[in-house]
Amino acid sequence: MIIKNYFKLDSKIPIGPLNHKWMNHKSSLKLVSPSNRSNIEIIVVGTGLSGGSISATLAELGYQVKVFCYQDSPRRAHSVAAQGGINAAKNYKGDNDSVYQLFYDTIKGGDYRSREANVYRLAEISSNIIDQCVAQGVPFARDYAGYLENRSFGGTKVSRTFYAKGQTGQQLLLACYSSMSRQIGKGRIKMYNRYEMLELVVIDGIARGIISRNLVSGEIERYAAHAVIIASGGYGNVFFLSTNAMGSNSSAIWKVHKKGGFFANPCFTQIHPTCIPAHANYQSKLTLMSESLRNDGRIWVPKNIEDAISIRNGEKNPEDILEEKRDYYLERRYPSFGNLVPRDVASRAAKECCDKGFGIENNENREGVFLDFSSSIERYGIEKANELGIKNPSLMEIKKFGEEIIESKYGNLFHMYEKITDQNPYKNPMKIYPAVHYTMGGLWVDYNLMSSIPGCYVIGEANFSDHGANRLGASALMQGLADGYFILPYTIADYISRYIHNKKELSTKHIEFDKSEKKVKQRILQLISNNGDLSVDYFHRKLGNIMWKYVGMSRDNNGLSKAIKKIQELRDEFWKNIFVPGNIEDGFNSELEKAGRVADFLELGELIAMDALYRKESCGSHFRIENQTKEGESLRDDFHYKHVSIWKYQENKSISEEIMYKENLTFSFVKLQSRSYK
């Protein structure tokens, strides 16, 4: 790797007071007249909350939008799987929440590795998102008076998370899809289902289109536009086992990176603390249990290793462990936040317990802790009995009332857990363990959400912009919809306005389209004609094992160096010994789809490990064993690493030869201090 101490791109952060930056910036942006918008064509790759919201909004404004997704319907984008809720600073609970408090919690939660200006803008916009979604018919939970209900999430001391039981992402995505469908009906959105972007076309340094593969027919097709928006999500599946859908991939952002788009903070990958533990090495994915469950669930392991062993062996049940023999380790270690510490803190604490032998799940690595709702069921049951005027309620009545209240808040999540594990979480504690979930790193963007390639915008999880080294729960949906509904529609108009007087039509006949299409076809031919002996899943699983072992929750110099070497060796073996069945002319070929994505993961995985090796500090999700306090907490190094690490690919060179630039982070409106949740 080549490290440069300067940054040659302009982040375009406005000057002035923090609370005036976005307002003043909007007033300086150029506009496009409604009568001219129908002449502008925009490509959107991805139909999750960010892609769906920007597509619907741009089409509603009058632009011509081409939307691509690899799923058979936009409704199947992985945003549908988000469970717990979406943040907004409305202070409905009267607990002194504010725009500044949301801003501060997000900066602190990200361990002071995000831009102040971006984060404050996100907090400002948050309330508008809720109003927009209510107007679209999203059935948010409501309290007894009919007001929108809130609950808490990790890393905060207020209730600001709006939710629809445990299916918030699904309801928000349906609202986006309804708006999209209206525009599809009008002809302003042209929908390309079962298409995958395989190359970004750059002409004279400007993004002008994409090369895409029709996943049903196998045809390679060209599409031109005045601007390209990447909204394809994160890259968590580089770890193989994750909470992401199996189809989630990094190919779109990786193609942009290899065409000149800078990649920022790739090592910032989030581990979610509440997932159903892996049961065996044949699993292909893991299941997320919403962070919202930590509002009412208490996390514990037995205090005595003998009890943990007995539970693993089936000799004891959780209820056999007396209260005084349980270690509620988050409440013990972090009394101020308890079970609602941020995800990275909760995840590492669970790992430490299991590494010491206190894990309660009888899987290969004895990984698992309890998430117990018995205390909340009892508390809610007593409160309900008091409301009903029942004196001296029986234990059965208390449990009945308590379970009904828990069911009203988390019913579908409990049902899902029981279907997967065959355990009733009302009667027995859930078993959970951390798993790869979200990626804070992504393509670098400026304040306008434009990448380092003019005309190529990146929104949602695909960019790096708002979360720093760790994302707080319920902030992913907030960022995706803020980008799509309330930021990019303004900033992209400023860029597009320069094309209004250019009468030259878009064309896919340019030589750069020829070159890009040829490159795509050569790669497909190389994959399908290799005639090796090993399947795509073999390589993906092996890569995931390397990533989880050496680039997972804890990292060190030796492990990261090993990971880089092992990934390089695995990538060489992939291109020598991969087997993809079928022929090019067959068209539909799911193994060919996976092979291309895993090939990209094998390159991105090396970059993640390189970034983690370079960053010799612990911050947020990035925990270097060499950099920790005596109490085992993260130890930041603000003198050397208070910056965004930005990687530039060098054409026709190896990943190890990428150049790293630095974007310095300044903190003028919050005090830079050690992050503590004790």
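Defined by atom type and a distance below 3.5 Å, a donor-acceptor pair is missing between the side-chain atoms of Ser11 and Asp446. Side-chain atoms of His272 and Thr274 form a donor-acceptor pair, as typed in the model, at a separation below 3.5 Å. Between the side chains of Asn339 and Glu331, at least one donor N or O lies within less than 3.5 Å of an accepting N or O.
Under 4.0 Å is where a charged nitrogen must lie from a carboxylate oxygen, and between Lys255 and Asp600 at least one such pair does. Salt bridge status for Asp533 with Lys576: absent, with no side-chain N to carboxylate O gap under 4.0 Å. Taking 4.0 Å as the cut-off between side-chain N and carboxylate O, Lys678 and Glu631 do not count as a salt-bridged pair.
A cation-pi arrangement is present between Arg597 and Tyr70, with the terminal nitrogen or guanidinium carbon under 6.0 Å from the aromatic centre and inside a 45° cone about the axis. Annotation: cation-pi pair Lys108/Tyr677 present, NZ/CZ under 6.0 Å from the ring centroid and within 45° of its normal. Cation-pi geometry between Arg615 and Tyr641 is not satisfied (NZ or CZ under 6.0 Å from the ring centre, within 45° of the ring normal).
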Test log, rule side-chain hydrogen bond (donor to acceptor under 3.5 Å, both in side chains), inputs Glu593 and Asn589: CA-CA 7 Å; Glu593 294 173 35; Asn589 189 333; over 6 Å; no
Worked verdict on Ser621 versus Asp344 for side-chain hydrogen bond (donor to acceptor under 3.5 Å, both in side chains): CA-CA 5 Å; Ser621 65; Asp344 60 311; over 6 Å; no
Derivation and outcome, side-chain contact (heavy atoms from CB on, under 4.5 Å), residues Lys566 and Lys542: CA-CA 10 Å; Lys566 286 177 178 290; Lys542 200 162 185 179; over 6 Å; no
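Using bins of under 30°, 30° to 60° and over 60° for the plane-to-plane angle, the ring pair His257/Phe263 lands in the perpendicular bin. Between Trp444 and Phe464, the ring planes are parallel. Angles under 30° get that label, and only those over 60° would be called perpendicular.
Taking a 6.0 Å sphere around CZ of Arg76, one finds it holds 12 or fewer heavy atoms contributed by other residues, nucleotides or ligands.
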